[in-house]
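Report on one structure; see the data block that follows.
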Amino acid sequence: MIDLQRNLVDLRREKNLTQREVAEKIGVSAAAVGFWETGTNEPKATYLIKLAKFFGVTVDELVGFNSPTIEEQAAGASPTRRVNITPIEDDLLYAFRRLGKKHGEETQRNIITMIEKML
């Protein structure tokens, strides 16, 4: 459960919390939180639920079942932070991907270069 370990650390750091502070909020020892973050132990389901509620995420997100795609990561997403896109951005991404299949990645790189020059 490497995703769980990484997500726990990321979520805790995003909230500027210590392991002890998280532990106090969910009713475990600071050592337990440390063991979860290092992968020495895994939390029981009841603690996964408490952690998810505390951090405002789903259990699936916490354990990494909804890990961002490569494209989402490139746009700044992480397992704990998603990127919302507008309908036009979704249309552009769909067309961009189709273009790559039809004309190759070189065409996509040229478009990226053109956009970067416009910025």
Side-chain angles (χ1 to χ4, degrees):
M1 287 192 131
I2 292 173
D3 286 337
L4 171 64
Q5 296 164 231
R6 187 178 317 114
N7 291 344
L8 278 175
V9 172
D10 288 347
L11 287 164
R12 182 174 57 77
R13 288 181 178 165
E14 282 179 13
K15 293 192 177 276
N16 253 350
L17 297 171
T18 64
Q19 291 177 346
R20 179 173 305 286
E21 291 169 321
V22 172
E24 289 172 359
K25 295 291 185 183
I26 65 164
V28 296
S29 69
V33 174
F35 290 147
W36 299 338
E37 288 185 0
T38 60
T40 303
N41 291 331
E42 293 179 0
K44 292 180 181 179
T46 54
Y47 292 117
L48 283 174
I49 293 167
K50 287 181 179 188
L51 286 163
K53 285 182 181 178
F54 175 69
F55 287 117
V57 298
T58 66
V59 173
D60 281 353
E61 290 169 326
L62 185 62
V63 299
F65 288 150
N66 292 334
S67 295
T69 64
I70 292 171
E71 292 82 10
E72 289 172 323
Q73 290 175 12
S78 72
T80 57
R81 183 184 62 225
R82 292 296 204 174
V83 175
N84 293 321
I85 62 173
T86 64
I88 190 69
E89 289 170 325
D90 188 50
D91 290 343
L92 285 168
L93 181 58
Y94 177 71
F96 187 75
R97 287 182 180 164
R98 284 185 24 232
L99 181 66
K101 287 180 182 177
K102 187 173 182 180
H103 298 285
E105 290 181 19
E106 183 64 29
T107 302
Q108 290 176 324
R109 281 193 211 95
N110 289 339
I111 291 171
I112 291 169
T113 302
M114 181 184 71
I115 291 170
E116 287 174 347
K117 287 180 182 178
M118 297 170 69
L119 299 176

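Here the structure is a predicted model, which means the values were calculated and not measured.
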Quiz item: Given the rule in the side chain to side chain contact (heavy atoms under 4.5 Å, CB included) test, do N7 and V63 qualify, once you have shown the distances and angles that lead to the verdict?
Solution: CA-CA 7 Å; N7 291 344; V63 299; over 6 Å; no

Exercise. Evaluate the side-chain proximity of L62 to L48: yes if any heavy-atom separation is below 4.5 Å, no if none is.
Key: yes

Exercise. Go through the structure and list residues passing side chain to side chain contact (heavy atoms under 4.5 Å, CB included) with K117, not counting sequence neighbours.
Key: T113

Quiz prompt | Closest heavy-atom pair and its distance - T58, A52 | solution = C-CB, 3.9 Å

Self-check item: V59 side chain reached by I49 side chain, heavy atoms, under 4.5 Å
Solution: yes

Practice problem: Identify the two heavy atoms, one from A30 and one from R20, that lie closest to each other, and give their separation to 0.1 Å. | Solution: CB-CA, 3.7 Å

Self-check item: Residues, nucleotides or ligands: over 12 heavy atoms within 6.0 Å of F35 CZ
Solution: no

Quiz item: Do L51 and V22 have side-chain heavy atoms sitting under 4.5 Å apart?
Solution: yes

Quiz item: Considering residues at least two apart in sequence or located in another chain, which fulfil the ring-ring contact (aromatic ring centres under 6.0 Å, His included) criterion with Y47?
Solution: W36

Quiz item: Just wondering, do L4 and P43 contact through their side chains at under 4.5 Å, heavy atoms?
Solution: yes

Practice problem: Considering only NZ, NE, NH1 and NH2 on the basic side and carboxylate oxygens on the acidic side, decide whether E37 and R12 come within less than 4.0 Å. | Solution: yes

Exercise. Measure the NZ-OG1 distance between K50 and T46 for me, rounded to the nearest 0.5 Å.
Key: 6.0 Å

Practice problem: Hydrophobic side-chain clustering at under 4.5 Å (ILVMFWY, transitive links): who's grouped with L93? Put none if nobody. | Solution: none

Practice problem: Can you measure from CD (Q108) to CZ (R98) and round to the nearest 0.5 angstrom? | Solution: 12.0 Å

Quiz prompt | Co-membership, hydrophobic cluster, residues L11 and V9, 4.5 Å side-chain | solution = no

Self-check item: Any F96 side-chain heavy atom under 4.5 Å of I112 side chain
Solution: yes

Quiz item: If you round to the nearest 0.5 Å, how far is CG of D10 from CZ of F55?
Solution: 10.0 Å

Quiz item: Can you find a pair of side-chain heavy atoms, one from I111 and one from L99, that are under 4.5 Å apart?
Solution: yes

Quiz prompt | Interatomic spacing from CE in M114 to CD in E116 - rounded to 0.5 Å | solution = 11.0 Å

